[in-house]
Amino acid sequence: MAHAPNVLDAKSRDLRGASTQVKAMLATDSVVVKNAAHLHGLCGGLKAGEITIDGDSGDYLAVLNDGAVVKVTGNAGKYVADNMTGGKVLVEGDADYGAAQYCYGGTVVIRGTAGDFTATMNKGATIIIGGDVGNDAATYMMAGDVIIVGNGGENLGNYLIRGNIYIRGDWASLGHNCAAGDVNAEDAQKLEALLKEYGIAADARSFRKVTPLSDKPFYSH
Amino acid sequence: MATIGAFCVTLDKDQCINYRMPGKCATCAEICPYGVFSLNGDNEVAVQNYNTCVGCRLCAEFCPENAIRINPAESELVSRYPWTFGTIEEIHHKALTGTYMLRGFGTMGLTPHFDKIVVVPSQLASPAPKDKYREECHMEVVIGEETCERPIRLQYPFIFPAMSYGALSREAKLALAIAAATTGIMTNTGEGGVVEEEPYYANGFERPNRSRKTWPPGGYLAIQWSTGRWGVSADYVNAGDAVEIKIGQGAKPGMGGHLLGEKVTEDVARIRGIPVGSDALSPCRYYDVLAPEDLKKQVDFLRDVTNYEKPILMKLGPSRPYDDVKMAAEAGVDAISIDGLVGGTGCSPEVVTQGVGIPTIACIGPAVRALKDLGLHRKVKLFALGGIRGGLDAFKAMAMGADGVGFGTAAEIAMGCRGCMACHQGNCPYGITSQNPKMRERLDPEEIGQRLANFIKATAEEVKILAMLSGHGDIRELSEEDLRALDVDTAAITGLKLVGYERPLPWWENG
């Protein structure tokens with residue numbers, strides 16, 4: 001039997017108040033938070049639980065997330081899923097500047113568009129952007145996968161040293177140390193599974209793959 | 001490099017084993033990080049290029065027959081200025097390799113520092129001196145007393161500033177943790193993730209179950225949150241007793257940490273969460289801070305993730321101390337460290353270490369004024385870092401208004417370092433800045449931790465002597481009145497009273 005989740009109206013709460021309440025509610029069931037756009041850093045460092053932000057979120061939503069599933073029905077603020085190490089963050093709308101930076105693990109799905117410097121210094125997470133992404137996406141990525149269903153901006157994958165960028169649309173320019181090629185059968189299989197899991201209608205074979213030219217691009221050594 | 005060309009290296013052939021039996025010994029050639037000695041095809045050692053000597057005397061120390069002499073040739077350095085051998089050597093290096101020079105350690109050469117400041121003792125016109133042998137001096141510094149559920153109580157006004165695992169060996173990190181525990185002060189993870197044993201070692205426990213304190217009274221561990229975010233997770237930020245947001249450091253403000261792929265071994269890679277052998281070059285700024293209000297939000301979420309228990313600290317490089325410290329304090333941190341020009345590093349471009357940032361003594365005054373203007377002086381704690389060598393420097397920094405000081409380079413030296421400035425090469429013969437197992441096994445964390453603790457205790461005694469002879473039984477009472485500047489330059493930089501003149505220079509008095 002599905003039971004009704006806890007609902008928290010965060011309108012008049014500060015971060016500490018809302019966060020304490022969310023943590024207490026998670027002990028019993030999933031949580032829906034309404035009116036949370038003014039709270040920055042909500043759902044930080046959680047290890048488990050399911051939280052839905054009804055509407056838009058503030059900045060640094062689910063920072064240091066380590067296992068929780070956080071959904072946003074509206075748009076996410078800046079730096080959503082910052083430094084995530086596990087779990088899932090799903091944004092139905094768009095994400096502002098710097099989504100999914102410094103992530104080590106877990107999955108971030110942004111169904112709309114994402115801003116500049118998305119997935120910067122990714123060290124192992126899977127980051128899917130359903131729409132277009134801004135400039136400097138996946139800068140200095142060291143591991144993991146970044147999947148862009150729409151178009152990329154300038155400097156895509158700048159100083160990429162490990163990991164893969166899969167992109168279906170075009171890009172304005174590739175960053176330093178990047179080479180574009182086709183996806184192989186293994187890539188296509190991985191993409192197909194992910195696209196299916198998150199209900200994104202796109203042909204895995206229509207993607208291109210951006211990989212690092214050298215794994216030591218600094219100091220020319 | 002300022003020191004290159006300042007030394008003459010000679011080999012006493014009567015004593016040298018290699019001279020008598022080529023191939024039997026080549027310790028000097030193996031140990032010198034700069035290739036001063038060469039081996040020819042017959043395994044004969046010769047002094048090949050003493051211009052590259054930095055005067056660390058590692059070779060002399062490791063020579064089994066005491067056959068090496070290093071003599072300063074400073075006069076040559078002075079008389080050839082500005083075309084010193086160092087300058088010439090540097091130009092040759094760039095011309096030969098096409099790369100700029102990298103090195104460890106801090107600024108070399110004469111920059112305004114604490115030496116031109118003296119301590120004023122108490123006689124009649126100020127409160128009488130206190131008796132160091134029979135009276136107490138309050139040394140404790142509390143961080144986050146009003147803001148955190150678990151404030152930090154440092155037994156002495158000292159910290160070990162951030163030095164990362166990766167730059168330092170695991171053994172060196174543990175030695176620092178043991179020393180912090182034994183003396184009740186705080187060590188810092190640096191930006192390279194946390195070594196498993198570090199949190200409980202720093203608190204004084206030898207085992208993770210924390211059953212029995214091996215190193216009482218137990219100290220603290222600050223967890224660094226930096227621009228590279230190496231090995232950072234929710235568990236990581238909660239592993240210690242405080243979180244430090246690193247904005248910059250003295251040796252290379254405006255640049256991120258440098259850890260070359262050579263030092264990214266399997267263990268370093270695992271703890272940093274990155275591929276083995278990849279260059280870990282921290283970004284120079286936070287990609288996730290675009291505006292000052294973002295910094296405030298970072299402080300807020302770090303408090304939230306650490307359950308409002310732990311102090312949040314911030315570390316700044318030497319730039320515009322008044323405005324920087326003001327912004328840091330306004331972001332809501334509990335303590336601010338400001339690292340001066342002389343601050344050290346494991347690896348930095350020579351030009352940056354040598355010529356970027358303002359001196360430590362010029363940072364403290366403006367930092368204190370910023371805190372006073374906000375009404376936060378002594379509430380938000382201020383730590384002065386960068387070239388603090390002992391109790392005298394520490395006292396002077398604290399009398400200028402800092403609540404405490406940090407020992408980075410001095411701590412490395414206490415561990416055995418001779419200052420060869422080749423930390424970045426990863427072959428430190430004392431196992432401090434090396435990931436090489438052969439070098440690392442020379443460093444016993446417990447023995448070296450004890451050396452560090454001895455250094456801290458002796459330094460604390462020095463501060464106590466100076467505080468008490470200037471009439472204070474509490475280090476929080478120290479003030480600028482306890483100091484005088486010896487020359488006009490220092491008085492001009494610091495606003496301290498000039499000796500003889502007995503007043504600050506006119507523009508300080510006139511605002």
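The basis for the numbers below is simple: all heavy atoms, side chains too, and nothing from hydrogens, waters or symmetry mates. All chains are named by letter (A, B, ...) in the order of the sequence lines, taking the proteins before the strands, and each is independently numbered beginning at 1.
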Under 4.5 Å heavy-atom distance to chain B, tell me which part of A:T139 shows up: side chain, backbone, both or neither.
side chain
Rounded to the nearest 0.5 Å, how far does CG of A:D14 lie from CG of B:D300?
9.0 Å
Quick one about B:D288 and A:Y97 (side-chain donor to acceptor, distance below 3.5 Å, no hydrogens or angles considered), yes or no?
no
If you count every heavy atom of other residues, nucleotides or ligands that lies below 6.0 Å from A:K47 atom NZ, does the total exceed 12?
yes
Within the side chain of B:Y287, is there an N or O that forms a donor-acceptor pair under 3.5 Å with the backbone of A:M121?
no
Exercise: identify the closest heavy-atom pair between A:T85 and B:S233
CG2-CB, 3.5 Å
Under 3.5 Å, side chain of A:Y104 to main-chain N/O of B:G231, donor-acceptor pair present?
yes
Count the heavy atoms of every other residue, nucleotide or ligand shown that sit under 6.0 Å from NZ of B:K379, and state whether that count exceeds 12.
no
For the candidates B:N307, B:L290, B:D235, which exhibits the highest count of non-hydrogen atom pairs separated by less than 4.5 Å from chain A?
B:L290
Please flag which part of A:R162 lies under 4.5 Å from any non-hydrogen atom of chain B: side chain, backbone, both or neither.
side chain
Would A:S19 and B:D304 count as a side-chain hydrogen bond (donor to acceptor under 3.5 Å, both in side chains) if you check the C-alpha gap in whole Å, the side-chain angles of each, and the deciding distance to 0.1 Å?
CA-CA 8 Å; A:S19 175; B:D304 186 63; 2.8 Å; yes
Full working for side-chain hydrogen bond (donor to acceptor under 3.5 Å, both in side chains) between A:Y79 and B:D294:
CA-CA 10 Å; A:Y79 328 112; B:D294 289 346; 2.4 Å; yes
Taking the inter-plane angle between the rings of B:W230 and A:Y140 on a 0 to 90° scale, is it parallel (under 30°), tilted (30 to 60°) or perpendicular (over 60°)?
perpendicular
Near A:K23 NZ, under 6.0 Å, is it more than 12 heavy atoms from other residues, nucleotides or ligands?
yes
Atom CD of B:E293 with >12 non-hydrogen neighbours under 6.0 angstrom
yes
Go through A:R16 and B:E149 one step at a time and tell me if the salt bridge (Lys or Arg N to Asp or Glu O under 4.0 Å) criterion holds.
CA-CA 14 Å; A:R16 187 170 188 172; B:E149 286 168 24; 2.8 Å; yes
Measuring from atom CH2 of B:W225 to atom OH of A:Y102, what distance do you get when rounded to the nearest 0.5 angstrom?
8.5 Å
Report which part of B:V289 has an atom under 4.5 Å of a heavy atom belonging to chain A: side chain, backbone, both, or neither.
both
I'd like to check A:I161 versus B:D279 (side-chain heavy atoms, cut-off strictly below 4.5 Å). Are they in contact?
no
Could you measure the distance from the CZ atom of B:F301 to the CG atom of A:L64? Nearest 0.5 Å is fine.
6.5 Å
So how far is it from B:Q298 CD to A:D82 CG, rounded to the nearest 0.5 Å?
7.0 Å
Can you give me the closest heavy-atom contact between A:G45 and B:A234, atom names plus distance?
CA-CB, 3.8 Å
Counting distance only, does the side-chain N/O of A:K123 pair as donor-acceptor with the main-chain N or O of B:R229 below 3.5 Å?
yes
